[in-house]
Amino acid sequence: MYNGSLLEDDCDNIAEVINEKVVGEEKSEYSNNINGKGTQGVDASLYKLKDSLSLLLRVNRANTINIMGVNSNRVEHLACNNGNGSSIKIQTEIQLQMPTLEIHKVQLPPERTTLQKLRHTLSEIFFPDDPLHRFKNQTCLMKLLLALQYLFPIFQWAPHYNLSLLRSDVISGLTIASLAIPQGISYAKLANLPPILGLYSSFVPPLIYSLLGSSRHLGVGPVSIASLVMGSMLTETVSYSQDPILYLKMAFTATFFAGLFQSSLGILRLGFIIDFLSKPTLVGFMAGAAIIVSLQQLKGLLGIVHFTTKMQITPVLISVFKQRHEWSWQNLVLGFSFLLFLLTTRHISMKKPKLFWVSAAAPLTSVILSTILVFFLRNKTHKIAIIGELPKGLNPPSSNMLYFNGPYLALAIKTGLVTGILSLTEGIAVGRTFAALKNYQVDGNKEMMAIGLMNIAGSCSSCYVTTGSFSRSAVNYNAGARTAVSNIIMASAVLVTLLFLMPLFYYTPNVVLAAIIITAVIGLIDYQAAYKLWKVDKLDFLACLCSFFGVLFISVPLGLGIAVAISVFKILLHVSRPNTLVLGNIPGTPIFHNLYQYREALRIPSFIILAVESPIYFANSTYLQERILRWVREEEERVKANNESTLKCIILDMTAVTAIDTSGIDTLCELRKVLDKRSLQLVLANPVGNVMEKLHQSNILDSFGLKGVYLTVGEAVADISSSWKAQP
């Protein structure tokens, strides 16, 4: 399609035609004259006509063709100065043969059998990354090696491992171990579990992940959110203080089902399910959970013995002030002193990332200093609660404690599913974040299998739900981790602690663990992300607020349910109420765009061009019919008010309509009939392959006729306008 402006190449061609007409056979003589080889021939100024004509045509744009097409320009009485004061006038007419507008036929996609269509659909749903492409044209031995590398990513980097990588991984592994040990103890208490389980969970799962995981920087272990959710959900039904054995059984069984759910998602390639937890709802959920966790730690900071087991903000605050007589000034002084120390080190590391080790070493430093302080003042600090004796040795087996029948099985399954979704979402998000920083990819399905299998193995070795921790992974990344060996080094440090150092934690005060937890979860309150949501998308911000207040005032599990419900509602809202636009032509181009976005876009007389920006399904077909008819009514009112050309044709741009079902086809058919009764023509522009195929199979195209479907909006406007002009 011609765009209404002449290119300079066209000017060159016109100049050559003029030269042939005027100079004829003397052109060679003229060339010799220009090169100083002779003085005979036509004046040199005549040959400069090309440049003058090019300038004239660029300036005289009023004579160029527009989108509807004018196929000739007239050039006459053109004067050219030869540089010596004389001029030559040429009077000639040149017929410019502009490219005529070609109407392209909208093609159907190649025919495929039902089995081929089903195979393609399933491949796009479950295998968008085509994981088997690496096996093509490979020998059997190479296929076996590639399969091992796919299932066990350690085989990818292990053959190239060297001392330089080991040195970096040892430093980072020891650094995150200093953070993992106190965090593990603290998070276990957050889940109302014995502190030793936090260390067990920092030993076995990292070893499993280092074999199966694809992230080089993910620091594996217990995390605050999963610990909080598990503790709150189990405590509602089972009390650890009243029945510790049953509580442990529920925790291990919930971990087993969490791992089973996670690995199943990876094996069945159903990872898209976790995408229903949108970023805005997670921002609100994490912030609400962080506040609840922090308020729960007031029990340790204030030394309260009788504290509520509920997880809502109102009961927690009531319990804090109701038990004022149990407040201990020793706990207050010790707890807030170390809390201030931890927050200061965190601030330093945030301001100067090179000093990441300051905040990484602060928790272990706090544990050591507070333990020494309480040990020397043990006769004067009776009101400061301590951890007490922790058993030495490796993880004891716990497969015999898995609970697969009985009245509490549903509770274990529900807790496992909720904690599994949360931990999986956090782990994959953290892994992808740091992979992007180092420009490598993390396979989501392999991560699901790795995290799931390590939780299944953990449930049989006295561990509870673990995943990739953001704080641990950030320290691991900043410490220079190069491979998953850093997790092995961390697990080795935890192993040494389990075997030899457990007695040293006897006098560790609970108040310091509370300070460590508060410092860790404060980072989950992302107020900058919430502010960005407010600026960019108010609906996302509303979803964030609903999730936030749901956690604070209802409960953590129900808050998560609200987050999922809001995410699903938002999807349904976008599907059932898609965006529709009125398009106009950008002057001088064949482009049609939104009239309200591009103010220079012009309406085409007698046309209204509408675009639908979504698939047409049963959920939105009725709405789209009503909305299109409303657009038509409003256009007719506008035309009448402005005394413009009568509306004759509605062009529906289907470029963004990626799919259509039978309800959508029926809607188009009904819409065509309604408009036809009003003497209005409905035209479809650029239906994509599968949409065109379904329209053809439904025989609806027969009712649209020859001038009912076009490849582009521009072709539709030009062809229909020319047919109107051809009519007497």
Side-chain angles (χ1 to χ4, degrees), residues 183-184 186-193 197-198 200-202 204-205 209 220-238 240 247-266 271 273-274 276-277 281-282 285-286 288-290 292-293 296 311 398 401-403 408-430 447-448 450-460 462-470 517 520-521 524 547 550-551 555-564:
Q183 274 192 354
S186 304
Y187 292 159
K189 290 186 70 64
L190 184 60
N192 297 319
L193 292 167
L197 261 64
Y200 291 159
S201 301
S202 299
V204 173
Y209 182 83
V220 175
V223 293
S224 57
I225 296 299
S227 301
L228 169 69
V229 172
M230 174 173 283
S232 62
M233 293 184 70
L234 294 181
T235 304
E236 289 178 357
T237 307
V238 182
Y240 177 77
Y247 192 91
L248 288 176
K249 287 182 178 180
M250 291 294 99
F252 296 147
T253 307
T255 301
F256 174 83
F257 282 110
L260 184 64
F261 173 70
Q262 293 166 337
S263 57
S264 298
L265 289 182
I273 291 177
I274 66 172
F276 283 101
L277 272 176
T281 56
L282 278 177
F285 176 82
M286 293 291 189
I292 291 294
V293 170
Q296 279 282 337
M311 302 299 294
S398 57
M401 297 185 71
L402 296 179
Y403 187 97
Y408 299 106
L409 179 60
L411 173 65
I413 294 175
K414 183 174 70 171
T415 305
L417 291 179
V418 173
T419 55
I421 291 174
L422 281 175
S423 57
L424 193 60
T425 303
E426 180 176 357
I428 293 178
V430 171
E447 287 296 285
M448 293 175 196
I451 294 174
L453 291 174
M454 79 179 185
N455 278 318
I456 292 175
S459 68
C460 299
S462 300
C463 303
Y464 74 104
V465 175
T466 54
T467 187
S469 165
F470 184 82
I517 292 174
V521 300
L524 299 177
S547 178
V551 173
S555 70
V556 174
L558 285 178
L560 180 62
I562 291 173
V564 175

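Side chains are part of it too, since the values below use all heavy atoms of this structure and drop only hydrogens, waters and symmetry mates.
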If we ignore hydrogens and angles and just use 3.5 Å, is the side chain of Ser547 paired with the main-chain N or O of Thr281 as donor and acceptor?
yes

Residues passing the side-chain contact (heavy atoms from CB on, under 4.5 Å) test with Ile421, sequence neighbours excluded, are Phe261, Leu277, Thr425

Thr255 side, atom OG1; Leu260 side, atom CG - distance, nearest 0.5 Å
12.5 Å

Please answer whether the main-chain N or O of Ile456 pairs with a side-chain N or O of Ser459 as donor and acceptor at a distance below 3.5 Å.
yes

Quick one, Pro222 and Ser202 - any side-chain contact, counting heavy atoms below 4.5 Å?
yes

With rounding to the nearest 0.5 angstrom, report the OH to OG distance, Tyr200 to Ser398.
10.5 Å

Grab the two heavy atoms, one from Ile517 and one from Ser186, that are nearest each other, plus how far apart they are.
CD1-O, 3.3 Å

Polar side chain donor-acceptor pair, Ser423 to Gln262, under 3.5 angstrom:
yes

Which heavy atom of Val551 sits nearest a heavy atom of Phe285, and at what distance?
CG2-CD1, 3.4 Å

Atom CE of Met454 and atom OG of Ser263: how far apart are they, to the nearest 0.5 Å?
11.5 Å

So which heavy atom on Lys249 is nearest to which on Met401, and how close?
CG-O, 3.2 Å

Exercise: identify the closest heavy-atom pair between Ser462 and Leu197
O-CG, 3.6 Å

Knowing that exactly one of Leu411, Leu193, Leu248 qualifies, which makes a side-chain contact (heavy atoms from CB on, under 4.5 Å) with Leu234?
Leu411

Apply the test side-chain contact (heavy atoms from CB on, under 4.5 Å) to residues Tyr187 and Thr466: give CA-CA distance (whole Å), side-chain angles for both, the deciding distance (0.1 Å), then the verdict.
CA-CA 11 Å; Tyr187 292 159; Thr466 54; over 6 Å; no

What heavy-atom pair brings Leu524 and Ser224 nearest, and what distance separates the two atoms?
CD1-OG, 3.7 Å

Check whether any side-chain heavy atom of Phe256 lies under 4.5 Å from a side-chain heavy atom of Asn455, and answer yes or no.
no

Enter the distance from Leu422:CG to Thr467:OG1 here, rounded to the nearest 0.5 Å.
10.0 Å

ring-ring contact (aromatic ring centres under 6.0 Å, His included) with Tyr408: which residues, sequence neighbours excluded?
none

Scanning both residues in full, the closest heavy-atom pair of Val465 with Ala258 reads CG2-CB, 4.1 Å

From Tyr464 atom OH to Thr415 atom OG1, the distance as rounded to the nearest 0.5 Å
14.0 Å

Rounded distance (nearest 0.5 Å) linking atom CD1 of Ile225 with atom OG1 of Thr419:
12.5 Å

Hey, does Tyr247 have a side-chain heavy atom less than 4.5 Å from the side chain of Thr235?
yes

